[in-house]
Amino acid sequence: MATSFATIASAAPRYQQSRSFPLPPVAHHLKAVSNELSALPGRETAFNLQTPIDRLLVGKSRREYLTGDSVFSQGDQANAIFYIQSGKVKLTVVSMSGKEAVIAHLPASSFFGEASLAGQQLRISSAYAIEPSSIMRIEKSVMQGLLHRDLEFAEQFLAHLLSRNIRMESDLVDHLFNSSEKRLARLLMLMANFGQESKPIPVIAKISQETLSEMIGTTRSRVSFFLNRFRDLGYIDYSSTGMVINSSLVNVVLHD
């Protein structure tokens with residue numbers, strides 16, 4: 001992700017907003033790592049993370065999940081790694097008082113549950129499918145064996161996890177220091193791939209205001225208010241297939 005949000009700002013009018021803490025440069029560390037990773041120096045072709053998994057003869061299984069189905073729950077035994085072949089997954093944590101917080105929304109070609117490789121005995125979060133999903137389950141010992149045998153896979157798997165970790169750190173800074181309005185604008189820009197190496201997809205699939213509010217840590221009514229404001233300013237629009245994101249929405253992200 002060599003391009004930052006600053007490079008796509010348009011001439012659309014800015015509006016006044018309370019001063020907020022600026023995020024670290026968006027740059028390459030917010031890149032979503034895809035199933036096919038770019039070729040390493042000296043390599044001619046991209047590396048597909050799923051190919052080594054497909055070659056496994058034992059210790060793996062695939063399951064289809066409907067929207068809302070649980071993949072695993074907080075407190076379950078951490079004895080496997082999961083790979084999203086298609087669909088999306090939400091990771092959440094519930095406090096002792098019953099309050100739920102969303103940790104991440106993971107797209108297809110993402111791994112999750114990898115903390116078991118570092119000795120985690122019990123799941124500290126829950127995972128749910130947020131759309132129909134096909135998910136591969138790989139036993140912990142089988143994954144460890146694959147990582148030891150296949151150095152190239154291990155290298156790319158590590159790059160995948162580091163990229164996601166950096167993204168989550170940036171999300172945390174966003175939640176700690178920026179207004180909910182700026183957090184929403186940044187989330188929509190990321191969902192539309194603006195500022196990333198992959199080509200922008202200005203129309204993002206339909207997503208509920210409740211889901212957006214969970215992702216940025218605010219109420220549904222506030223999300224509704226901000227979306228209406230963004231639409232009035234010409235930053236977003238709606239179509240039959242989803243939400244249309246204009247690159248001028250970056251003005252909200254960059255404005256202090």
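Because the structure is predicted, anything quoted here is derived from the model rather than measured.
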- Message: Set out, in order, the CA-CA distance, both residues' side-chain angles and the distance that settles side chain to side chain contact (heavy atoms under 4.5 Å, CB included) for Leu146 and Arg149, then state yes or no.
- Response: CA-CA 5 Å; Leu146 177 59; Arg149 291 192 310 271; 4.0 Å; yes

- Task: Please say which of Leu233, Asp237, Asp232 ends up in a side-chain contact (heavy atoms from CB on, under 4.5 Å) with Tyr235.
- Result: Leu233

- Counting distance only, does the side-chain N/O of Asp69 pair as donor-acceptor with the main-chain N or O of Leu66 below 3.5 Å? yes

Check: residues 221-228 side-chain donor-acceptor pairs under 3.5 Å, at least two apart:
residue: Ser221; atom: OG; partner: Thr219; partner atom: OG1; Å: 3.1
residue: Asn228; atom: OD1; partner: Arg231; partner atom: NH2; Å: 3.3
residue: Asn228; atom: ND2; partner: Ser224; partner atom: O; Å: 3.2

- So, are Glu214 and Arg220 salt-bridged, with charged N and O less than 4.0 Å apart? no

- Message: Show, in sequence, the C-alpha distance, side-chain angles and deciding distance for Leu162 and His160, and conclude whether the side chain to side chain contact (heavy atoms under 4.5 Å, CB included) test is met.
- Response: CA-CA 6 Å; Leu162 289 175; His160 174 92; over 6 Å; no

- Does Met189 share a hydrophobic cluster with Ile207, counting links as ILVMFWY side-chain heavy atoms below 4.5 Å and allowing steps through other members? yes

- With a cut-off of 6.0 Å (strictly less than), are more than 12 heavy atoms of other residues, nucleotides or ligands near CD of Gln144? yes

- Query: Of all heavy-atom pairs between Pro52 and Phe153, which one has the smallest distance, and what is that distance?
  - Reply: CG-CD1, 3.7 Å

- Heavy-atom donor-acceptor pair, Lys60 side chain to Met143 backbone, under 3.5 Å: no

- Query: How far does CG of Asn246 sit from CD1 of Ile236, to the nearest 0.5 angstrom?
  - Reply: 10.5 Å

- Locate the shortest heavy-atom distance separating Glu100 from Thr92; write the atom from each residue and the value. OE2-OG1, 3.5 Å

- Task: Taking Arg183 for its side chain and Ile216 for its backbone only, find out whether a donor-acceptor pair lies under 3.5 Å.
- Result: yes

- Treating Ile, Leu, Val, Met, Phe, Trp and Tyr as nodes and any side-chain heavy-atom pair under 4.5 angstrom as an edge, say whether Tyr238 and Leu187 lie in one connected cluster. yes

- Query: Do NZ/NE/NH1/NH2 and the carboxylate oxygens of Glu114 and Arg164 come within less than 4.0 Å?
  - Reply: yes

- Query: Minimum heavy-atom separation for Val142 to Ile138, with atom names?
  - Reply: CG1-CG2, 4.1 Å

- Run the numbers on Glu181 and Phe230 for side chain to side chain contact (heavy atoms under 4.5 Å, CB included), then give the verdict. CA-CA 10 Å; Glu181 185 172 22; Phe230 295 164; 3.9 Å; yes

- Task: Take Leu91 and Val89 through the test side chain to side chain contact (heavy atoms under 4.5 Å, CB included) and record every step on the way to the result.
- Result: CA-CA 7 Å; Leu91 302 182; Val89 168; 4.2 Å; yes

Side-chain donor-acceptor pairs of residues 121-136 under 3.5 Å, sequence neighbours excluded:
residue: Gln121; atom: NE2; partner: Gly119; partner atom: O; Å: 3.1
residue: Arg123; atom: NH1; partner: Gly113; partner atom: O; Å: 3.1
residue: Arg123; atom: NH2; partner: Ala80; partner atom: O; Å: 2.7
residue: Ser126; atom: OG; partner: Gln74; partner atom: N; Å: 2.8
residue: Ser133; atom: OG; partner: Lys88; partner atom: N; Å: 3.2
residue: Ser133; atom: OG; partner: Lys88; partner atom: O; Å: 3.3
residue: Ser133; atom: OG; partner: Glu131; partner atom: O; Å: 2.6
residue: Ser134; atom: OG; partner: Glu64; partner atom: OE2; Å: 3.0
residue: Ser134; atom: OG; partner: Gln85; partner atom: OE1; Å: 3.3

- Query: Are the side chain of Ser73 and the backbone of Asp76 linked by a donor-acceptor contact shorter than 3.5 Å?
  - Reply: no

- For the hydrophobic clusters of this structure (ILVMFWY residues joined by side-chain heavy atoms under 4.5 Å, transitively), does one cluster hold both Leu212 and Val102? no

- Item | Nearest heavy-atom neighbours spanning Ser116 and Ala78 | CB-O, 3.4 Å

- Query: Of all heavy-atom pairs between Lys140 and Leu117, which one has the smallest distance, and what is that distance?
  - Reply: O-CD2, 4.1 Å

- Minimal non-hydrogen separation, Glu139 against Asn79, with atom names: OE1-O, 3.6 Å

- Query: To the nearest 0.5 Å, how far apart are CD1 in Ile53 and CD in Gln50?
  - Reply: 6.5 Å

- Message: For Phe111 and Phe157, I'd like to know if the aromatic rings sit close, meaning centre-to-centre distance below 6.0 Å.
- Response: yes

